[in-house]
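What follows is a single structure, written as structure tokens, with notes after it.
Chain letters run A, B, ... following the sequence lines, proteins first, then strands; residues in each count from 1. Hydrogens, waters and symmetry mates are skipped; everything else that's a heavy atom, side chains included, is used.
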There are 2 protein chains.
Amino acid sequence: MTGEKSLDKSGGVALWRRVADDIRLDINGGKFIDGGKLPTEGELAARFDVNRHTVRRALAVLEEEGIVRAEQGRGRFVHAARRLSYPIGRRTRFSAGLAGQASDVHGEILEYRIEPAPLPISKALGLTPATRVLRMESLSFADGRPLTRATTWTGPASRFTSLADDFRELGSMTASLHRAGVTDYTRQETRISARYAESSESHQMGLAPGAVLLVGTYVNRDQDGVPFQYTMTRFAADRVELVVSAE
Amino acid sequence: MTGEKSLDKSGGVALWRRVADDIRLDINGGKFIDGGKLPTEGELAARFDVNRHTVRRALAVLEEEGIVRAEQGRGRFVHAARRLSYPIGRRTRFSAGLAGQASDVHGEILEYRIEPAPLPISKALGLTPATRVLRMESLSFADGRPLTRATTWTGPASRFTSLADDFRELGSMTASLHRAGVTDYTRQETRISARYAESSESHQMGLAPGAVLLVGTYVNRDQDGVPFQYTMTRFAADRVELVVSAE
DNA sequence: CATAATTTGTTCGTATGTATC
DNA sequence: CGATACATACGAACAAATTAT
């Protein structure tokens, strides 16, 4: 047996929430076979040293998320969703990277606007401050589930007048960029951090409040080495892992 | 201005905790200049639409963490700790990667044990199941603050009998491996995920309960291409970001 | 088939923590 | 600093569905 799982004093997070997070970690970490049976409420209550009600509340969360299914008199059963592997590299393309892992992959624009570039963006793209750029807020889905929430600054705006419309029409960033004369693009480096989701983000991605996000930021350069796009992509950490491959 | 910051119904996380997390995100995200003045309690209460007591409790947490400093009658001031950049690549070496960012970098072994390799480990290292390997639990520090918490399986054990002792003596994994005949090593790929810290992890790393961890897992191969080491490293997400560079 | 044991589902009550005013 | 309303956590008891004997 794995032994006791003791949880110490709160820190502002409810006990049922910590129990739910812990069980979810075990499920996603493969400690229960998919389709297998979860320990009973009583066993879990004993293991975490909490009341059965607290365990039930935690399990209710996981049922709402669809990773646990309860059957009266029989027990609870695991329905683990496989985590997708998202490749990070010099020539990463969104849909190509997920090929073979999900059958339906598509994107959706939430909002787009032409506006002066914020200072860090204009600096990263080598533009004079306040040059106008296209900011796009978008969601991507894999098999119907939200996978990423991205903010993309593309500029200067004069070079990418129809990018948003093209993306809406074609559903592919690579194809839309091609229309704007970007025949090829690469990224120099990707910075990866992690943090809690803000409430708007968890709402848009259908995540529990305070879910964990992987955040990747990078600059794309065109075939001539000119930086033209700054992207911040938030990944739902319980649905995807990032894979860095040496080339 | 960004407008209202509305926080929706709890989800098991106390309001003061969500306000604290939100302000910390803003500080770490660079929305307040280091050394600059934070909005007054009243302004923050209005912005988050909460009671002033709630803001005070949130700020008390941030003061305890040392990223906010209160001064009687003047206000509160930001003391943002710069996030370290940890390079991820084929030839990553721990201390070398942080050179120039932190003056004091060192490691510490919490525990080590020779034991049969768990199935995923033996598989990744190409060993027959249950071959004995050396498991090491370690912490690393940068400028006195815990930065990573790693679990390393090195095997087969017969090849690395004195690795733990050497590491304790030399304080360097690269140097210790050299003694065991590993003159050079590289990693093929790194998988990056993120999750909440378990209570033992947040305790060992001196983090708030439920803090966010970046988790990197990778396999190292020696100069002959033989996999000999499987590592899982947990990074405190608010102290470090990972940087993937194209080579 | 009958009954007991197991497991989830529900309803009380009580004490404490959280958040506002 | 209280007074108030609501969420959180525990404990005990019982009902309903399923499985084992």
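What separates CZ of A:R18 from P of D:dT8 is a distance of 12 Å, to the nearest Å. Rounded to an integer number of Å, the gap from A:L59 CG to C:dT7 P is 14 Å. For the pair A:Q72 CD and C:dT8 P, the computed distance is 10 Å after rounding to whole Å. Nucleotide C:dT8 holds its C1' atom 13 Å from the CD atom of A:E43, rounded to whole Å. Atoms CZ (A:F77) and P (C:dT7) sit 11 Å apart, rounded to a whole Å. What separates CZ of A:R69 from P of C:dT7 is a distance of 17 Å, to the nearest Å. Look at CZ on B:F48: it is 13 Å from P on C:dT20, rounded to the nearest Å. The CZ atom of A:R17 sits 16 Å away from the P atom of C:dT18 (whole-angstrom rounding).
Here A:F77 pairs with nothing under the ring pair (Phe, Tyr, Trp, His ring centres under 6.0 Å) rule; sequence neighbours left out. Scored by the side-chain hydrogen bond (donor to acceptor under 3.5 Å, both in side chains) test, A:T154 finds A:Q229 as partners (sequence neighbours excluded).
If you take CG on A:D21 and CZ on B:R195, they are separated by 11.5 Å, rounding to the nearest 0.5 Å. Remark: B:R145 CZ to B:L207 CG distance equals 9.0 Å, nearest 0.5 Å.
For D:dT8, the OP1/OP2 oxygens have a side-chain nitrogen or oxygen of A:R57 closer than 4.0 Å. Using a 4.0 Å cut-off, some side-chain N or O of A:R76 falls inside it from OP1 or OP2 of C:dG9. Using a 4.0 Å cut-off, some side-chain N or O of A:R74 falls inside it from OP1 or OP2 of D:dT19. Taking only side-chain nitrogens and oxygens, A:T54 never comes nearer than 4.0 Å to OP1 or OP2 of D:dT8. Remark: A:N51 is in phosphate contact with D:dG11, judged by side-chain N or O atoms under 4.0 Å from OP1 or OP2.
Each of D:dC1, C:dA19, C:dT10 was ranked by its minimum atom distance to the side chain of B:H53; first place goes to D:dC1. The side chain of A:L15 lies closest to D:dA9, out of D:dA9, C:dT18, C:dC21.
Pairing for C:dC12 goes to D:dG11, judged as Watson-Crick or G-U wobble with the two contacts each under 3.5 Å.
Using cut-offs of 30° and 60° on the angle between ring planes, the pair A:H106 and A:F141 is parallel.
Two residues, A:E71 and A:R52, neighbour DNA chain D, and the one matched to the more 5' nucleotide by heavy-atom proximity is A:R52.
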